[in-house]
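Quick notes on the structure that follows.
Throughout, residue positions are numbered sequentially from 1 according to the sequence presented.
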Amino acid sequence: MRIQAWPGDTLEKYGRWFCVPPELIADANPHVEKGGLRPGQTVAIPGYEMMDTWEALAHCLSLPVEALRRLPGAMAVINGMAPLPKRITSPVVRRAEPYDFAALEEDIEALVCRYPFVRRRTIGHSVLGLPLVELQIGRGPVRVHMNGSFHANEWITTAVVMALIDDYLRALVDDAALAGHRVLEYYHKVTLSIVPMVNPDGVNLVLNGPPEEEPHRSEAVRINGGSLDFSQWKANIRGVDLNNQFPARWEIEQARKPPKAPAPRDFPGFAPLTEPEAKAMAALAEASDFAMVVAFHTQGKEIYWGYEGLEPLEAEAAVRAMAEASGYKAVRYIDSHAGYRDWFIQTWKRRGYTVELGEGVNPLPLSQFAQIYQEALGLFLATLKMA
């Protein structure tokens, strides 16, 4: 929602009027110079949307539409002369639905429109040219990164991450507790970086079938053994497992992984960081000075947190809090290399975690979404608290 400033207006005044923390209004309006508003400036107010239909206004007022039509002046309001603001009180993003790249794009647009203090940028592009979007939330000195859908058939991780962001943003605007956490404190402590979908081509392949573009369509079908059932596909569109692409003993994975050529899963590529998606994620970490990274995968209800003894001492306290909040098992070492978390710990000696959401067989069914979300919410908030 946007309003026009009058003489004497301040962001603090708007905060009182609309019951929104003024720092969120300030961050939603970087064009407003510190020290004051200029009359006539347009100011975005987060946490609101405009009602421009009879049905929306009637629902807000808990009145039948026909009763609303009889109110004096109602015709002028609804006919577009004066749309009215409505506080956002329910989720913005879709939940428990198949979640491809188009769904992600729509939900990101909806979040940024309603919560304009969310910063959005493109950090790279997939093989097929889809943008890899990073969202940033917060003004804190501690930089924490989270991501989802490194693996194509683990696309439910993107849906969960987006739902977490949605509820976090609404609690921030309301200055309310979320599962017992006063999250505005985290906004000042942490700058949160999120790449909700690392592998958009792969996710689209799993959910929608092969792309129209050649030679990618024919190659994907060939790699998949001629089958049009891509439900077990983990790799990117070129048949490279993006979470086996990082230079952390990559050569061990190359030697022992059965696939020696592009495959639906487990092929680490012919060299590290050959794929644009992996390159973009590496470049983001190199440029961002992250204190902690959390990569969401499925499945197993486990949190992997160590790599070859290179993890810092404080990594254990954080993972214990994450495990307690989620009910997941903390596992220090696994026989695996070349993953994003492995590379992050090896390179920076900082806290890195791989979270295996849910339990069962991938792709996990959407019937598990509500339970996975609740487990992930506790872990998400514990991560911010321990950052």
Does either side chain, that of [X] or that of [Y], offer a donor lying less than 3.5 Å from an acceptor on the other one?
| X | Y | value |
| --- | --- | --- |
| Q4 | T42 | no |
| Q245 | T274 | yes |
| E253 | H337 | no |
| H31 | Q41 | no |
| Y340 | N147 | no |
| D229 | S227 | no |
| E375 | Y373 | no |
| N199 | E277 | no |
| Y353 | E311 | no |

Heavy-atom closest contact ([X] atom, [Y] atom, distance):
| X | Y | answer |
| --- | --- | --- |
| G378 | A325 | O-CB, 3.3 Å |
| L273 | A278 | CD2-O, 3.8 Å |
| L11 | P22 | O-CB, 4.1 Å |
| V173 | P21 | O-CD, 3.1 Å |
| T191 | R139 | OG1-C, 3.7 Å |
| P141 | K189 | CD-O, 3.3 Å |

Partners of [X] by side-chain hydrogen bond (donor to acceptor under 3.5 Å, both in side chains), sequence neighbours excluded?
| X | result |
| --- | --- |
| D201 | S126 |
| N244 | D241 |
| N29 | none |
| R265 | none |

Could you walk me through whether Y187 and R182 satisfy the side chain to side chain contact (heavy atoms under 4.5 Å, CB included) test, starting with their C-alpha distance in whole Å, then the side-chain angles of each, then the deciding distance to 0.1 Å, before giving a yes or no? CA-CA 10 Å; Y187 187 87; R182 187 170 181 270; over 6 Å; no
Tell me, yes or no, whether the heavy-atom count around [X] atom [atom1], taken from other residues, nucleotides or ligands under 6.0 Å, exceeds 12.
| X | atom1 | result |
| --- | --- | --- |
| E286 | CD | yes |
| K349 | NZ | yes |
| R332 | CZ | yes |

Taking a hydrophobic cluster as the set of Ile, Leu, Val, Met, Phe, Trp and Tyr residues connected by side-chain heavy atoms closer than 4.5 Å, whether directly or through intermediates, do V144 and L164 fall within one such cluster?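 Yes, because V144 and L164 connect within a single hydrophobic cluster, where side-chain heavy atoms sit under 4.5 Å apart.
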Linking I/L/V/M/F/W/Y whenever their side-chain heavy atoms sit closer than 4.5 Å, directly or via other members, would L24 and L384 fall into one cluster? yes
Consider ring pair (Phe, Tyr, Trp, His ring centres under 6.0 Å). Of Y115, Y14, F18, which one does Y48 pass it with?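 Filter result, single survivor: F18.
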Spatial distance of atom [atom1] ([X]) from atom [atom2] ([Y]) [nearest 0.5 Å]:
| X | Y | atom1 | atom2 | result |
| --- | --- | --- | --- | --- |
| E134 | L132 | CD | CG | 11.0 Å |
| L128 | N204 | CG | CG | 8.5 Å |
| E106 | F101 | CD | CZ | 11.0 Å |

Between L284 and R121, does the side chain to side chain contact (heavy atoms under 4.5 Å, CB included) criterion hold? Intermediate values first, please. CA-CA 11 Å; L284 175 65; R121 65 171 178 156; 3.3 Å; yes
Under 6.0 Å between the ring centres of F344 and H145?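 No, ring centres 6.0 Å or more apart.
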Proximity of Y168 and F380 rings by center, below 6.0 Å: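 Yes, ring centres under 6.0 Å apart.
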Passes side-chain hydrogen bond (donor to acceptor under 3.5 Å, both in side chains), E154 versus H297? Steps please. CA-CA 6 Å; E154 299 174 7; H297 289 254; 3.1 Å; yes
Result block: side-chain N/O donor-acceptor pairs under 3.5 angstrom for residues 357-369, not counting sequence neighbours:
unit_1 : atom_1 : unit_2 : atom_2 : d
N362   : OD1    : T298   : OG1    : 2.7
N362   : ND2    : T298   : O      : 3.0
Q368   : NE2    : E359   : O      : 2.9

What's the verdict on side chain to side chain contact (heavy atoms under 4.5 Å, CB included) for V161 and F296, showing C-alpha distance, side-chain angles and the deciding distance? CA-CA 8 Å; V161 167; F296 288 102; 3.7 Å; yes
Taking salt bridge (charged side-chain N to carboxylate O under 4.0 Å, His left out) as the definition, give me every residue that meets it alongside D166, ordered by chain and number, with sequence neighbours left out. R95, R170
Would a distance-only check, ignoring hydrogens and angles, find a side-chain to backbone donor-acceptor pair under 3.5 Å from T122 to P131?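 Flag not set: sc T122 to bb P131 has no pair under 3.5 Å.
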Return the orientation label for the F267 and F270 ring planes: parallel under 30°, perpendicular over 60°, tilted otherwise. perpendicular
Side chain to side chain contact (heavy atoms under 4.5 Å, CB included) assessment of V183 paired with D175: CA-CA 7 Å; V183 294; D175 192 10; over 6 Å; no
